Amino acid sequence: MFADATHSKTKNDECLDVGLELCPVCGDKVSGYHYGLLTCESCKGFFKRTVQNNKKYTCVEHQACTVDKTQRKRCPFCRFQKCLHVGMKLEAVRADRMRGGRNMFGPMYKRDRALKEQRKALLQAARSSLKSSLPPPPPPPPPHRGFSLSCGLQADPLPQPHPLLPPSSSRLPQHQSPSVLDWSVKAEPRSSFTSSDPGGLRLPPLMMEFLRCDPDELQLQSRITARLQQEQQRHASSSSSSSSSCSLLCIMADQMLCSIVEWARTSFFFKQLQVSDQMKLLHHSWSQLLLLDVVSRQVLCGNESRLLLITGQEVELSDITCRAGPTALSLIQRGQQLVEKLLKLKADRQEFACIKFLILFNPDVEDVVDRGFIESVQEQVEGALLEYTLSSSQVLGRFALLLQCVSELQSLSSLTESYLHSRHLSARVCCNNLLSEMLHARQSWTGALACA
DNA sequence: CTAGCCTTGACT
DNA sequence: AGTCAAGGCTAG
């Protein structure tokens with residue numbers, strides 16, 4: 001089966017192996033195996049200099065600086081830490097500085113290549129099983145022409161923050177370890193394979209990176225709660241009637257969207273994209289990410305009969321369904337089915353963190369400049385998710401089932417988006433915010449151009 | 001210091 | 001002879 005793959009390696013294959021891979025330290029293009037694994041040329045050189053010259057660095061922050069292509073020069077301490085963390089080998093740097101030849105890692109590189117080939121085949125298998133199990137492909141989202149995501153996607157630092165983005169949000173401490181990112185709404189987390197887990201389940205480095213990008217749930221909760229209270233007060237003082245629960249929900253969704261944009265904007269890999277590509281990706285995925293946020297909260301901390309909101313409040317599902325129209329009702333039911341499916345799979349926070357990136361880095365989005373990069377990020381994410389699901393459950397089927405859930409989420413979000421759009425047009429609720437901007441996308445092309 | 005390009009040499 | 005991961009060199 002794989003017999004000829006090892007010998008007759010075409011140039012094309014090599015591009016797939018090396019050219020498209022991304023450095024696990026900084027995300028730059030990989031140039032080959034260096035000191036134990038595939039890395040870019042610059043991290044290879046950095047690692048060599050550091051070890052050869054026995055350099056000692058110190059971090060002026062909290063030893064958790066972001067290390068990516070644009071910021072790798074900023075903190076050599078954290079860069080070196082990351083080199084070690086992802087598995088670069090000190091022993092591969094030669095004490096005698098002998099040039100050329102081979103070292104003891106040769107066989108390891110060979111095994112790694114074989115493993116990657118195998119993984120690629122597994123991915124293909126999972127993809128094709130997904131295709132055959134889901135006959136109708138998810139309908140494409142309504143045609144967008146652009147929107148003024150400029151509120152969140154301008155270059156760092158934000159010159160003019162979105163009026164709804166609290167000023168502190170861009171200055172959250174970057175050094176939060178996954179352990180502080182607990183979903184502390186409910187007492188018992190379903191599962192957590194943190195790196196400190198003595199059980200020994202290894203978390204792929206990329207997954208650690210994704211978890212680090214996850215926003216702090218508690219901070220978000222208090223921020224959005226405050227915003228909602230503010231709105232309620234505003235209504236109480238300006239008119240006799242209190243604000244409707246619908247408009248509060250819209251504000252909540254709008255705030256969640258802002259946090260999604262903020263999450264993306266500060267995330268590993270995404271930062272490397274041009275603003276125009278960032279906008280296209282977010283434009284294509286916002287409703288999926290929003291839905292995933294609701295669904296994952298429900299799966300991780302929720303209660304069967306109640307919908308858990310970002311504010312920590314719980315709403316009886318029956319209260320919602322009895323007021324919903326037929327379309328909304330079927331959407332809610334499909335959402336519930338998806339939650340149940342994910343509960344059965346015992347999807348965890350690590351997997352949701354991966355899935356968010358999987359959704360965001362969609363290489364099928366039209367007219368992106370950096371499609372190659374987006375493709376390779378998606379491949380890396382799929383690889384990390386596959387590795388994780390294999391190590392935690394030993395069943396390949398679980399990975400395919402997770403992908404199936406993602407696919408269901410995509411089609412459900414597309415339907416929800418259309419539904420909200422029609423509601424939005426007819427009722428003209430919730431104006432002047434990011435949510436309505438997204439829904440009105442086709443009309444606000446001019447705003448999008450402002451950030452070019 | 002950084003990072004892209006160059007040279008080397010054991011292994012196939 | 002070709003491959004490719006070591007170390008080396010050097011502009012910026």
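For the numbers below, each heavy atom of this structure counts, side chains included, while hydrogens, waters and symmetry mates do not. All figures in this text were calculated on a predicted structure; none of them were measured in a lab. Below, chains carry the letters A, B, ... as their sequence lines are ordered, and counting in each starts from 1.
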query = So what does A/R49 touch, heavy atoms closer than 4.0 Å: a base, only the sugar-phosphate, or nothing?
reply = base
ask   = Between A/F46 and A/Y57, does the ring centroid distance fall short of 6.0 Å?
value = yes
query = Pick one: which of A/F268, A/W263, A/F352 meets ring-ring contact (aromatic ring centres under 6.0 Å, His included) with A/F357?
reply = A/W263
A/E351 and its side chain to side chain contact (heavy atoms under 4.5 Å, CB included) partner, picked from A/L345, A/L358, A/V299, A/L402 = A/L402
query = Got A/K271 and A/T66 here, is their nearest side-chain heavy-atom distance under 4.5 Å?
reply = yes
ask   = Closer than 4.0 Å, any side-chain N/O of A/Y35 to the OP1 or OP2 of C/dC4?
value = no
message = Measuring only between side-chain heavy atoms, which start at C-beta, is A/K341 closer than 4.5 Å to A/Q404?
response = yes
task = Would you mind telling me which residue lines up with the more 5' stretch of DNA chain B, A/K110 or A/K48, judged by nearest nucleotide?
result = A/K48
Backbone N/O of A/R49 and side chain of A/N53: donor-acceptor pair under 3.5 Å = yes
key: Rounded distance (Å) that lies between atom P of C/dG7 and atom CG of A/D96   = 9 Å
ask   = Between atom CD in A/E41 and atom P in C/dC9, what is the gap in whole Å?
value = 16 Å
query = How close or far is atom C1' of C/dT3 from atom CG of A/N103, stated in whole angstroms?
reply = 14 Å
query = Starting at CZ of A/R102 and ending at P of C/dA5, how long is that distance when rounded to a whole Å?
reply = 6 Å
request  = Give a yes/no answer on whether the side chain of A/Q52 brings an N or O atom under 4.0 Å of OP1 or OP2 in C/dG8.
outcome  = yes
ask   = Between which nucleotides of DNA chain B, read 5' to 3', does contact with chain A run, using atoms under 4.0 Å from its heavy atoms?
value = B/dC1 to B/dC11
task = Nearest whole angstrom, please: distance from the C1' of C/dC4 to the CZ of A/R94.
result = 11 Å
message = It should be established whether A/Y109 places a side-chain nitrogen or oxygen under 4.0 Å from OP1 or OP2 of nucleotide C/dT3.
response = no
task = Grab the CZ-C1' distance between A/R99 and C/dA6 for me, whole Å please.
result = 9 Å
Got a list of side-chain donor-acceptor pairs under 3.5 Å for residues 90-100 of chain A, not counting sequence neighbours?
residue : atom : partner : partner atom : Å
A/R94   : NH1  : A/M98   : O            : 2.7
A/R94   : NH1  : A/G100  : O            : 2.7
A/R94   : NH2  : A/G100  : O            : 3.1
A/D96   : OD1  : A/M98   : N            : 3.1

inquiry  = Just the rounded figure in Å: distance from C1' of C/dA6 to CE of A/M88.
reply    = 12 Å
